[in-house]
Amino acid sequence: PSNGHTCVGCVLVVSVIKQLAQVHNSTVQASMERLCSYLPEKLFLKATCYLVVRTFGPDIIKLLSADMNADVVCHTLEFCHQGPGQALCHLYPLPKEAWKVTLEKARQIVKKSPTLKHPRGG
Amino acid sequence: ADICVLPFLAKICQKIKRTITNSVPFRDVDSDNYSVSPTLRGYHWRGRDCNDSDEMAYPGRRPDRWDEHRDSNCNGIWGVDPKDGIPYEKKFCEGSEPRGIVLLGDSAGAHFHIPPEWITASQMSLKSFFNLPTALTDELDWPQLSGATGFLNATSGIKENSIYLHLRKRNRCNHRDYQNISKNGASSQNLETFIERYVEEVVLEAGIPTHCPTFTFLNFTVQCDPSGGRGFGMCMHLCCNLVRSFLFLLTNRGIDPVPKMTTPEQFYSKVMETLKYLNARLPKGSHVILYGLPDGTFLWDHLHSRYHPLGQLNGDVTYGQLYAFLSCLQVSPCHGWMTANETLRTLTSQRAAQLSNTLKKIATSQKFTSFRLYYVDFDFQEIIRKWQKRGGQPWQLLEPVDGFHPNEVALLLLADNLWDKVRLQWPQVLGKENPFNAQIEQVFGDQGGH
């Protein structure tokens, strides 16, 4: 199962990306670039940000553009994980349609994604 | 997999490991546990070294031959008064009972803080993350602004001082004598290792004739140990030949839902174990203050329906939702009070009160050869009342991003409150007011700053 802290981190970052796009009325791509541009060079923070954007950006763009919230994005990218018999952990109010339907739809959107080929462990 | 097996990395890996496990500075040329750089357990955490190429010069040590020729204890006072040939350290500090402060604590003691501007899109700009590198290399802690060892001016503008700044004001000979040896996630489970390492590292050092008085207090105030453990607080005040220790047993919030809740019996034995450990190591003349638990229901009461910074833009995330999310993921720092379950909150508060009574019982019934025992209530409600009298709101005393830790204002109000209690009830603990403070300032100015 995904580490709880990883899930919290993912939901936090995706929320900020989504809200930056909303505040600046920009695309998700532009919002991610903006966020990275705000980070200092020190400790490779900016470089790491661009690397993460290059790796997960395309999937995040597709999912947020389909109006998925941070919970759905992070479960789809498997940073959050609902184990068998475990409760569904979510920060935002649940989507109107059934969670399973939403998640399945999201998974279809990123089905061919190269990032999901590798187990989330990395 | 383990990059540290590479021969050319072995040494630096070992250094990093020592820094992390022993909470000692990463950059420390003379290996005296004091540093000239701020982060990575540097002078944000412990008094700044005034000579990083001399292992016998560091803050808090007993002055070497009254510092005639050099500042061996880094308090900025050294040399000889040309008028009478008396060393300044002797003239201004001898007999003034100088002492420093050491804190062994958890995230609250180290002042864990995630700036809300890091996650507030509407206010985000190039300036928002300027402090991120410093914060990361300080483990997201800000000990330089903490209630125990803070030495910088409060960013909140509040006038209250940290315990260290109070000590320094009382006796300028205490300059730079602070150590914040706290760790995020410290709890009773790893407390003993923590104390042992600390006691070996610092207290024994205090035992040998170089270390000067240190007022050390250990403060695991809010650690909710998911494994049902407990936090403790301990305070030791070490005098050159006498060691006085205050044990702030800030028991914890390591309260797990009912089955794993810390029982008074478990707590009693853990506390006695720790007290006996210290009794065997601290020189005579110590003092121990057992510090009760607050009633953490104020977290839910004052925050649950307020919007979290992530929820302020669209009005869609409250602290209640955040608490539920963290609990669901089993990463909640305080499941017993950060919950919608009123029964659990009540149960947790009842148990907290029982644990506080356990401390009272120990303080009134137990005698130790090395220290005297006192008990002080941890009365957060008193802090809230004081803050409200100044027109403040209770929610302004808590960290906005994690909705749990006391923020800088709360930590400084707590420190001030504690200082007043100790000063009024046990003034001998804090040493005397130094009558030479003004002369020290006149001759040495800011004593080299921090």
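By convention in this document, chain letters (A, B, ...) are assigned in the order of the sequence lines, proteins followed by strands, and residues within each chain are numbered from 1.
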Mind ranking B/L310, B/I119, B/L136 by heavy-atom pairs under 4.5 Å with chain A and telling me who comes out on top?
B/L310

Please classify the contact of A/L91 with chain B as side chain, backbone, both or neither, using a heavy-atom distance under 4.5 Å.
both

Between A/I17 and chain B, with a heavy-atom cut-off of 4.5 Å, which part of the residue counts as in contact: side chain, backbone, both or neither?
neither

Using a plain distance cut of 3.5 Å, could you tabulate donor-acceptor pairs between chain A and chain B?
residue, atom, partner, partner atom, Å
A/Q19, NE2, B/L310, O, 2.7
A/Q22, OE1, B/N314, ND2, 3.0
A/Q22, NE2, B/N314, OD1, 2.5
A/L91, O, B/Q321, NE2, 3.0

Check whether the SG atoms of B/C4 and B/C13 are less than 2.5 Å apart, and answer yes or no.
yes

Is A/L45 close to chain B through its backbone or its side chain, or both, or neither, when contacts mean heavy atoms under 4.5 Å?
side chain

Answer yes or no: is there a side-chain heavy-atom contact under 4.5 Å between B/F112 and B/V401?
no

Nearest 0.5 Å, what's the CG-CD distance between A/L103 and A/Q108?
10.5 Å

Return yes when the gap between the SG atoms of A/C80 and A/C10 is under 2.5 Å; return no otherwise.
no

Would you say the side chain of B/P333 lies within less than 4.5 Å of the side chain of B/L326, judging by non-hydrogen atoms?
yes

Could you state the interatomic distance from CD1 (A/I109) to CG (A/D59), rounded to the nearest 0.5 Å?
10.5 Å

What are the two closest heavy atoms between A/V72 and A/T76, and how far apart are they?
O-OG1, 2.6 Å

Value rounded to 0.5 Å, distance of CD1 in B/I16 from CG in B/L40
8.5 Å

